Each structure stands twice: as structure tokens, then as C-alpha cells.
Amino acid sequence: MRHLEAIMIVFIYVLFSVFVTRLIVLNQSLSNIEYIEVTKALAYLLLVDSNSNPRENLIKLLSDNPYVVFLAVNDTVLLDKNCSFRSINFVWFTVNGSAYVVRVGVKH
Amino acid sequence: MLSIRGQVLALAVIILSIILAELSIKTLVIRPVVVNYRGELISAEIIQLSRIYVANRSRGGKADMNYLLQRLLEYNRSLNLGFPNITFDDVGIFFFLNTSDSYGKGAYVIVWNLRFREFNYTVIFNVTWCFEKSGYYIKDRDGLQIIYVNYTLFYVHEYYAPQWGRIVIFPMIYSESADILLKGDGIWFVGIPLNSTPSIFDIYGIKINIGGKVEE
């Protein structure tokens, strides 16, 4: 009898753990669509933009985007809404050969 | 055979399991979990790098693709950008120019083979233009009558990548000494003073050669 109780307690524990884990995964996946959308927007900006300095156009594109909560260019923070975020990093090369490291945070 | 206590416990476990399973099914919406999505961004950075290289070389610069690649891969290591290891052998660079006084065409093409661990794909940067002489006109400048040669120019950028297929853009062009008039998607009327070869650039700094010496 004691063995049976122990088995059932373990079973309940495992079931509950699986349930909680799936809820956590669900919560994490909620930001994925937004993450992909912001990545696409950044790619489009890289494809068409001609500005040698990325700051102006990045701010224009991202400040109105509700999913973007953080923006930094070369460690200069241009937007910070104090939320947890997943970051997208990329490099913006300019015609004169210099490069800007851009970090964009999408709301988690 | 279970005792009464054991049977009640077993029943409670079964009911709880059903409730939890039902709850998980109702709350769980199937959505893809993407750990580290790069997709378009990698290809777009490759296109941007190609454009910078072409802009420099078309103006007579000495940009080195090996150097640019090294810089890109250094950033890739420090920032985890998701690029595969690209070598110069993975890049094909083709510049083509055939112009005469009355007609001509040119192209700057860079082909990138990106070899990821699970798959490979190709990104192509393609700038092409062609022009044809369509006549002459006279323009009064500072009291001087100057003969201009009128050309019809078609200028286009095409970017290929599996994430977006084919993107076509018609960049604006400019020149300090030539007359430039936009007629439609990628079609321009360009007036060049007779016997001159003015510099014409697009907004990305890429030089376009129009007219020039007559080639027999």
C-alpha cells in the first residue's frame, strides 16, 4: 500500500511538472511572432535604407513599434521602456567603412 | 486488490489527471517556438555588405572583400549573429561593363553561398543598367549654348534570397553636371553635355557609367 501511494505521489508530481513546464513554454512562445515581425522590419530597413547613420531611421522605424522596448546603437541606449526583452543583434556597415552594432529588444 | 483507502486515492488521482489534462489542452495554443530566429536579417546584412563593396569599387576604391568578411565574422563571433563561416571561395564577384557613345549596359553582381550546418542557400546582389542615346538638345547655361546628349537609362537593383525571393528596387540617381529626369519605374532621361563623362551615382553611392568613348 505504501508503495502504491508513493507511486501515485510521484505520478501527480510528474503530471503537475509537465503542466507547469508547458505553461512556461507557452508564455515564452508568445513573443516569437513579434520577434519575427521585428526581425523582418529590420531586414527591410537594411535592404532599402541609404542613410549612412542608422540612428535616425532606426528610431523612426522602431519608436512606434509596440513590440520594441529597447534600442541601442554602439552601446548608446536610444530607447528603453524598462521591460524584459529578447534581443536582436546586427551590424550596420556604412559606405565609409565604419560599422555600428545595433541591439534591438523585443518585449518578452 | 486495493483497500478502500487505496481505491479512493486512485480515483482522486485519475480525476485530478483528467482535470489537469483538460486545462492544459484548453490553455495550450500551438504556436511555433523559435529559439533564435535570424532569417531575413542575415541575408539583408549580406546585401548591405555587397552594396557597400560595389559602391566603393565602382568609384575606383580599393575595398577588400576579404577584409570586409573578416570584420563581419569578428562581429559574428562576438555578437552571435548567426552567420556561417564564410570564406572568399563562397563569394562570386562579377563586374560587367560595355558602353559606347550611343548605347551600353553594365552590371555589378555578387553571389554568396551561405553554408549552414543543416542547409545551404544563395544570396544574390545584382545591379544592372542599360542606356540608349535618344537625341540632342541645347541648353543655355550662363549665356553659353551647350549641346546635351539625351540618353534613356534603365537602372535597377535586384536582391535574391530564399527568405523573400526577389526584391526589385529602383534607386534614385543624381549627378552634379548631368540633367536627370525620372520617367517611370527605373527609367530615366539623362542629359549629358556633349563630349563629357559626368559622374552619375545612385543614392547608395554606386557609380553608373553612361556614354563615354565610342568603342569600335
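Values in this document were obtained by computation on a predicted structure and should not be read as measured data.
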Tell me every residue that passes ring pair (Phe, Tyr, Trp, His ring centres under 6.0 Å) with B:Phe94, counting only those two or more places apart in sequence or in another chain.
none

Give a yes or no on this: more than 12 heavy atoms of other residues, nucleotides or ligands lie within 6.0 Å of atom [atom1] of [X].
X: B:Lys133; atom1: NZ; value: yes
X: A:Tyr100; atom1: OH; value: yes
X: B:Glu132; atom1: CD; value: no
X: B:Tyr103; atom1: OH; value: no
X: B:Asn66; atom1: CG; value: yes
X: B:Tyr67; atom1: OH; value: no

For [X], is it the side chain, the backbone, both, or neither that has a heavy atom closer than 4.5 Å to a heavy atom of chain A?
X: B:Ile47; result: side chain
X: B:Tyr159; result: side chain
X: B:Leu41; result: both
X: B:Leu49; result: side chain
X: B:Leu72; result: both

Any donor-acceptor pair under 3.5 Å linking the side chain of B:Arg71 with the backbone of A:Ser98?
no

Between A:Tyr44 (side chain) and B:Ala44 (backbone), is there a donor-acceptor pair under 3.5 Å?
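Not confirmed, A:Tyr44 side chain does not pair with B:Ala44 backbone.
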
Minimum heavy-atom separation for B:Gln48 and A:Phe93, please, with both atom names.
OE1-N, 3.2 Å

Quick check on the interface: out of B:Gln163, B:Arg51, B:His157, who has the most heavy-atom pairs with chain A under 4.5 Å?
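Among B:Gln163, B:Arg51, B:His157, the one with the most close pairs to chain A is B:Arg51.
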
Could you tell me the separation between the [atom1] atom of [X] and the [atom2] atom of [Y], rounded to the nearest 0.5 Å?
X: B:Ile46; Y: A:Leu46; atom1: CD1; atom2: CG; answer: 11.0 Å
X: B:Leu79; Y: A:Ile88; atom1: CG; atom2: CD1; answer: 13.5 Å
X: A:Leu42; Y: B:Glu45; atom1: CG; atom2: CD; answer: 9.5 Å

Beyond-backbone contact of A:Asn89 with B:Tyr75, side-chain heavy atoms, under 4.5 angstrom:
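A side-chain contact under 4.5 Å is absent here.
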
Count the heavy-atom pairs under 4.5 Å between each of A:Val101, A:Leu45, A:Leu47 and chain B, then report the option with the highest count.
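Of the candidates given, the most pairs with chain B belong to A:Leu47.
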
Positions in residues 174-187 of chain B that reach chain A, provided some heavy atom is under 4.5 Å away
none

